[in-house]
Protein chains: 2
Amino acid sequence: MEDFIHQNRVYYSPVEFAMAYIGGTWKIPVILALSDGPLRYGDLKNAIPHITDKMLNTQLRDLEKKQMVTRTIYREKPPRVEYALTERGIKALPAISALAHLGDVLITQESASIKKLKRED
Amino acid sequence: MEDFIHQNRVYYSPVEFAMAYIGGTWKIPVILALSDGPLRYGDLKNAIPHITDKMLNTQLRDLEKKQMVTRTIYREKPPRVEYALTERGIKALPAISALAHLGDVLITQESASIKKLKRED
DNA sequence: CGGTATCCCAGATGATACTG
DNA sequence: CAGTATCATCTGGGATACCG
């Protein structure tokens with residue numbers, strides 16, 4: 001495996017490169033929330049528990065730059081802003097599913113030491 | 001999706017839980033290096049470019065605690081320490097492959113703005 | 001050979017408040 | 001409704017040195 005540089009950052013492997021696109025606490029929840037179709041900012045925020053405006057904005061801008069998500073403004077009254085997955089974003093879904101499956105397996109194996117929480121919405 | 005707690009940490013999704021097992025810069029390179037069979041510390045270090053002793057140690061201890069990797073001491077002359085994937089570690093390989101595939105796709109798409117590096121070993 | 005122990009920083013994330 | 005701005009904090013990982 002060769003090292004490579006993209007936008008001033010060094011990567012050591014394809015996995016590391018993939019993680020730049022879907023890594024971090026919030027990118028995957030955002031992508032999953034959009035996997036059933038476009039959503040408005042407010043709906044997105046409601047769909048993702050715990051996320052703050054700052055993190056939602058940061059991640060949406062970042063996902064736009066990475067061409068995983070599009071932002072479309074509809075000039076209505078009141079105006080509407082919709083976010084949707086790009087084809088590239090859709091291509092990330094299988095990897096995310098594989099991670100979710102692994103997570104489920106691990107959760108099952110560790111179930112004895114996991115405590116479930118009621119969410120306070 | 002319900003929140004849950006494991007070893008004093010809150011998780012919001014199975015994906016996040018999976019990332020606790022294979023996330024970070026070095027866990028995946030370590031797991032991949034062991035995917036063809038057990039290796040000694042020194043071989044592992046040679047197999048993973050750029051990794052420092054500190055990070056290799058930290059990650060190996062962590063992977064042991066998470067039961068992804070076993071550490072076996074052979075009392076020979078000189079003594080030998082071997083690391084190997086557990087069954088749980090092997091179960092992580094498909095998710096890692098999916099990420100590697102996604103990374104390859106993204107690298108191809110971005111190839112115009114990627115500069116390959118010769119590695120200075 | 002196969003590790004440990006400190007110290008430290010940058011960047012990711014959180015809290016809180018404000019805006020057109 | 002759809003964001004921005006500011007400040008505080010937390011943590012992964014690097015540098016460096018030492019140990020049985």
Side-chain angles (χ1 to χ4, degrees), chain A residues 3 7-13 15-16 19-30 33-34 38-66 69-84 120, chain B residues 3 7-13 15-16 19-30 33-34 38-66 69-84 120:
Chain A
D3 301 345
Q7 292 175 355
N8 267 348
R9 233 211 86 173
V10 182
Y11 297 89
Y12 301 151
S13 73
V15 171
E16 215 183 331
M19 291 313 292
Y21 285 77
I22 63 170
T25 309
W26 299 112
K27 285 197 182 62
I28 286 179
V30 170
L34 293 175
L39 286 181
R40 306 180 56 169
Y41 181 91
D43 296 332
L44 208 38
K45 186 169 181 196
N46 289 332
I48 306 172
H50 306 292
I51 198 167
T52 62
D53 282 321
K54 174 186 170 174
M55 292 319 297
L56 182 50
N57 265 287
T58 308
Q59 300 310 314
L60 285 171
R61 295 295 156 265
D62 202 11
L63 288 168
E64 260 188 279
K65 255 195 308 192
K66 295 181 158 63
V69 158
T70 56
R71 179 176 191 269
T72 311
I73 305 173
Y74 295 91
R75 303 232 158 269
E76 309 168 347
K77 298 181 198 173
R80 192 156 55 95
V81 180
E82 268 194 2
Y83 295 91
E120 346 91 20
Chain B
D3 300 345
Q7 291 174 356
N8 267 348
R9 233 209 86 172
V10 182
Y11 297 90
Y12 299 151
S13 73
V15 171
E16 214 182 333
M19 290 313 293
Y21 286 76
I22 63 170
T25 309
W26 299 112
K27 286 198 182 63
I28 286 180
V30 170
L34 292 175
L39 286 180
R40 305 179 58 168
Y41 182 90
D43 296 333
L44 210 37
K45 189 170 179 194
N46 289 331
I48 306 173
H50 307 293
I51 197 167
T52 62
D53 282 322
K54 172 186 170 175
M55 293 319 295
L56 182 50
N57 265 287
T58 309
Q59 299 311 313
L60 285 171
R61 294 297 153 264
D62 202 12
L63 288 167
E64 260 188 279
K65 254 194 310 192
K66 294 180 158 68
V69 158
T70 55
R71 178 176 191 269
T72 311
I73 304 174
Y74 295 93
R75 302 237 160 265
E76 310 167 348
K77 299 179 198 174
R80 190 156 56 94
V81 181
E82 269 193 1
Y83 295 91
E120 348 93 20

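Proteins get letters first, then strands, A, B, ... in listed order; numbering begins at 1 in each. The basis for the numbers below is simple: all heavy atoms, side chains too, and nothing from hydrogens, waters or symmetry mates.
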>> For Asp53(B) and Tyr41(B): C-alpha separation, side-chain torsions, deciding distance, then whether side chain to side chain contact (heavy atoms under 4.5 Å, CB included) applies.
In response: CA-CA 10 Å; Asp53(B) 282 322; Tyr41(B) 182 90; 2.7 Å; yes

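With sequence neighbours excluded, the residues forming a side-chain hydrogen bond (donor to acceptor under 3.5 Å, both in side chains) with Arg71(B) are Tyr83(B), listed by chain and number. Taking Gln7(A) as the reference, nothing meets the side-chain hydrogen bond (donor to acceptor under 3.5 Å, both in side chains) condition, with sequence neighbours excluded. Residues passing the side-chain hydrogen bond (donor to acceptor under 3.5 Å, both in side chains) test with Asn46(A): none are found, sequence neighbours excluded.
Bending across the helix from dC1(C)-dG20(D) to dG20(C)-dC1(D), expressed as the angle between its end axes from five pairs apiece, amounts to 50° (10° rounding).
Between Thr25(B) and Met55(B), the closest side-chain pair of non-hydrogen atoms is not below 4.5 Å. In this structure, the side chains of Arg61(B) and Thr58(B) stay at 4.5 Å or more apart for every pair of heavy atoms. The closest side-chain heavy-atom distance from Val10(B) to His50(A) is not below 4.5 Å.
The side chain of Lys54(A) lies closest to dT6(D), out of dT6(D), dG13(D), dA2(D).
Of the residues in residues 58-65 of chain A, Arg61(A) come within less than 4.0 Å of DNA chain D through at least one heavy atom, sorted by number.
Using a 4.0 Å cutoff to heavy atoms of chain B, the contacted part of DNA chain C runs 5' to 3' from dC1(C) to dC7(C).
In this structure, Arg80(A) does not reach the dC1(D) phosphate: none of its side-chain N or O atoms is under 4.0 Å from OP1 or OP2.
Within 4.0 Å of Arg71(B), counting heavy atoms only, lie sugar-phosphate atoms of the nucleic acid but no base atom.
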